[in-house]
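Accompanying notes for the structure given below.
Every number for a ligand or one of its atoms is a count from 1 in the order of the listing.
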Amino acid sequence: MKDFREMKKRGEKITALTAYDYPTARLLDESGIDIILVGDSLGMVVLGYEDTTRVTLEEMLHHTRAVARAVKRALLVADMPIHTYDTPEQAVATAKRFVDVGAQAVKLEGGASHVAQIEAITQAGIPFMAHIGMLPQSVREEGGYKVKGRTQSEAEALMADARAVEKAGAFSVVLEIVIADLAEQITNAIGIPTIGIGSGEHCDGQILVTHDLIGLFPWFTPKFVSPEARVADEIRRAVAAFVDRTRAGGAVV
Ligand code: KIV
């Protein structure tokens, strides 16, 4: 495992993307990404659910296995789905199942409220990535994907979350849709790297859902993403070309 704290100290930015299948994971790994996350965002961009709250442990394990077959050098982190870490005992049991299928670290959503689970996981010797700010598994209670840290009390709670997960043994923390000023303050206040998503440029690293980055889920792209490719358009173009060639009698298969 790379020393992410050292990268933070050196000011070297950490790169992270999601993957849910063998070819994508292999392409990311071969491209030199530092961290590959089997995110529960797979529920939306791969399985077609409305949000991540329907993703099951079995689905996550299935996709983590596929990704693990591809990854040779990046750190492979797996997301623990909702209600698989309600108690510290359940959190450790779930984390071990991910390790058994090839994950090198796990992530769950929550800060100070989940210190007992995080300590249990790290004390079991399993590297842990925290996730605070907007928590997609709570989207139903929250009533949408809302920016975090606008009010003084929210900002203080987030700073406390960041300090709590560091103390509990996390090796890094994802900051999701946290206002940029606060993300910068958190980044300066803790020793572990912050990995931002929609949280400005001052985090120690950045993570994105790969489908958003490459334009593979054109029906919804978060506002903070600037896609680097339009893969959905390429697929549509290739399919249309195949259909046209076949109907014209020119496709040889
Ligand atoms: O599920 C996911 O993909 C995530 C990241 C985008 C941080 O949690």
Side-chain angles (χ1 to χ4, degrees), residues 4 13-21 24-25 28 33-57 59-64 66-67 71 74-85 94-95 98 103 105-111 114 118 127-140 142 145-148 158 161-162 165 170-178 183 186-187 192-200 203-217 220-228:
F4 293 107
K13 294 283 186 183
I14 297 162
T15 58
L17 284 169
T18 62
Y20 319 99
D21 58 56
T24 311
L28 299 186
I33 201 84
D34 296 312
I35 296 174
I36 294 178
L37 170 71
V38 186
D40 63 354
S41 49
L42 93 88
M44 297 160 84
V45 299
V46 173
L47 302 178
Y49 299 147
E50 199 180 321
D51 56 44
T52 61
T53 63
R54 287 187 51 196
V55 175
T56 66
L57 179 57
E59 286 166 342
M60 288 301 300
L61 292 170
H62 173 77
H63 287 270
T64 303
V67 169
V71 176
L75 180 78
L76 172 47
V77 183
D79 240 349
M80 303 188 14
I82 191 165
H83 296 317
T84 65
Y85 53 89
T94 303
F98 279 108
V106 293
K107 171 167 92 53
L108 64 75
E109 295 182 9
H114 286 78
I118 299 170
F128 177 78
M129 174 184 259
H131 184 159
I132 64 173
M134 200 287 134
L135 305 179
Q137 290 175 9
S138 308
V139 66
R140 293 181 182 206
E142 296 262 324
Y145 298 95
K146 298 188 180 145
V147 178
K148 292 287 171 176
L158 276 175
D161 280 339
V165 299
F171 72 86
S172 65
V173 55
V174 170
L175 303 183
E176 179 152 359
I177 336 184
V178 172
I186 292 174
T187 300
I192 56 172
T194 56
I195 314 289
I197 173 161
S199 301
C203 295
D204 298 304
Q206 299 289 337
I207 184 163
L208 280 179
V209 169
T210 295
H211 288 55
D212 295 337
L213 176 72
I214 66 173
L216 185 51
F217 195 79
F220 173 75
T221 308
K223 284 198 199 94
F224 54 81
V225 177
S226 311
E228 293 286 350

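Using 4.0 Å as the threshold, Lys107 has a heavy atom nearer than that to some atom of ligand 1.
Put simply, the side chain of Thr194 never gets that close to the backbone of Thr187: no donor and acceptor are under 3.5 Å apart. In terms of modelled atom types and a separation under 3.5 Å, the side chain of Thr52 and the main chain of Ser41 share no donor-acceptor contact. In this structure, the side chain of His63 engages the main chain of Tyr20 through a donor-acceptor pair within 3.5 Å. Side-chain N or O atoms of Asp212 include none that pairs as donor or acceptor with a backbone N or O of Val225 at under 3.5 Å. A donor-acceptor pair under 3.5 Å links the side-chain atoms of Thr94 to the main chain of Thr84, judged by distance alone.
Heavy atoms of Asp79 found under 4.0 angstrom from ligand 1 belong exclusively to the side chain. With a 4.0 Å heavy-atom cut-off, ligand 1 is reached by no atom of Thr52. At a heavy-atom distance under 4.0 Å, atoms from both the backbone and the side chain of Asp40 approach ligand 1.
Protein heavy atom closest to atom 5 (C) of ligand 1, with residue, atom name and distance, is Leu37 CD2, 3.7 Å. The closest protein non-hydrogen atom to atom 6 (C) of ligand 1 is Ile197 CD1, 3.6 Å.
Residue pairs meeting the salt bridge (charged side-chain N to carboxylate O under 4.0 Å, His left out) criterion with at least one partner in residues 75-84, sequence neighbours excluded, are Asp79-Lys107.
Considering both main-chain and side-chain atoms, Ser41 comes within under 3.5 Å of ligand 1 through a nitrogen or oxygen pair. Checked by distance only, ligand 1 and Tyr20 stay at 3.5 Å or farther apart across all their nitrogen or oxygen atoms.
Set against the non-hydrogen atoms of Gly39, the atoms of ligand 1 under 4.0 Å away are 1 (O), 2 (C), 3 (O). Less than 4.0 angstrom separates some heavy atom of Thr18 from each of these atoms of ligand 1: 3 (O).
In summary, Asp204 and Lys13 do not engage in a salt bridge, as defined by a charged side-chain N under 4.0 Å from a carboxylate O.
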